[in-house]
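Step one of this worksheet: look at the structure below.
Being a predicted model, the structure only gives us computed values, none of them experimental.
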Amino acid sequence: MSITMLCIVNGYAQSWPLYTKNPRVHAVAILAVAEHEPQATTGTSPTPSAHPTAASVTASAEATKYATLSDAATPDHVAVFQPVVVDLPAAHRVVLRIDSVYSGTTVERLADTSLSEIEFWAAR
């Protein structure tokens, strides 16, 4: 199955105060990985459940898409769906790599980066 689009709700969209305190994704790379790549180990065999980190995943140029998400929420409408057309080839798994963020804007800003929802749309 090929992934054609992602619909993403950027930030911690439970409330405006939580949205503004938490960093939100600005730039993201979306990688389609065709096969499971075992995690690098030091002298031992990888276990079947071993998963590589996002930094160690590689994908071809055709299987990597880049998107810029907007910081689109408002105090009255925090959960804003943002469609991202990706047209990725069939993949064993999809990795989202955060390349840059919008920082939290209050004095009590938090260190983690939030995405509230991701919908994967596919074509058969």
Subject >> Derivation and outcome, side chain to side chain contact (heavy atoms under 4.5 Å, CB included), residues Asn10 and Leu115 >> reply: CA-CA 5 Å; Asn10 199 9; Leu115 288 174; 3.4 Å; yes
**OP:** Quick one: pull up OH in Tyr102 and OG1 in Thr113 and give me the separation to the nearest 0.5 Å.
**Re:** 12.5 Å
Subject >> More than 12 heavy atoms from other groups under 6.0 Å of CH2 on Trp121 >> reply: no
Original post:
How far apart are the closest heavy atoms of Leu88 and Thr64, and which atoms are they?
Top reply: CD2-N, 4.4 Å
Subject >> Side chains of Val33 and His92 in contact at under 4.5 Å (non-hydrogen atoms) >> reply: no
**OP:** Starting at OH of Tyr12, measure out to CG of Asp112 and round the result to the nearest 0.5 Å.
**Re:** 9.0 Å
**OP:** State plainly whether one hydrophobic cluster holds both Phe120 and Val28, where clusters connect Ile, Leu, Val, Met, Phe, Trp and Tyr through side-chain heavy atoms under 4.5 angstrom apart.
**Re:** yes
Original post:
Between Val9 and Ala13, what is the shortest heavy-atom contact and its length?
Top reply: CG1-CB, 3.7 Å
Original post:
For Trp16 and Lys21, what are the C-alpha separation, side-chain angles and deciding distance, and is it a side chain to side chain contact (heavy atoms under 4.5 Å, CB included)?
Top reply: CA-CA 9 Å; Trp16 182 247; Lys21 286 180 186 178; over 6 Å; no
Original post:
Is there a side-chain contact between Ile8 and Phe81, using heavy atoms and a 4.5 Å cut-off?
Top reply: no
Original post:
When you check the side-chain N and O atoms of Tyr19 and Asp71, is any donor under 3.5 Å from an acceptor?
Top reply: yes
**OP:** Report the C-alpha distance between Leu96 and Ile118 in whole Å, list the side-chain angles of each, state the deciding distance to 0.1 Å, and finish with yes or no for side chain to side chain contact (heavy atoms under 4.5 Å, CB included).
**Re:** CA-CA 10 Å; Leu96 274 66; Ile118 306 171; 3.8 Å; yes
**OP:** State the CG-CZ distance between Leu31 and Arg97, to the nearest 0.5 angstrom.
**Re:** 5.5 Å
Original post:
Does one side chain, of Ser70 or Gln82, offer a donor that lies under 3.5 Å from an acceptor on the other?
Top reply: yes
Original post:
Does Ile30 belong to the same Ile/Leu/Val/Met/Phe/Trp/Tyr cluster as Ile3, with side-chain heavy atoms less than 4.5 Å apart forming each link?
Top reply: yes
Subject >> Side chains of Val84 and Met5 in contact at under 4.5 Å (non-hydrogen atoms) >> reply: no
Original post:
Do you know which two heavy atoms are closest between Ala73 and Val80, and how far apart they sit?
Top reply: CA-CG2, 4.0 Å
Original post:
Rounded to the nearest 0.5 Å, how far does NE2 of His26 lie from OG1 of Thr68?
Top reply: 5.5 Å
**OP:** State, to 0.1 Å, how close Pro89 and Ala32 come at their nearest heavy-atom pair, and which atoms those are.
**Re:** O-CB, 4.1 Å
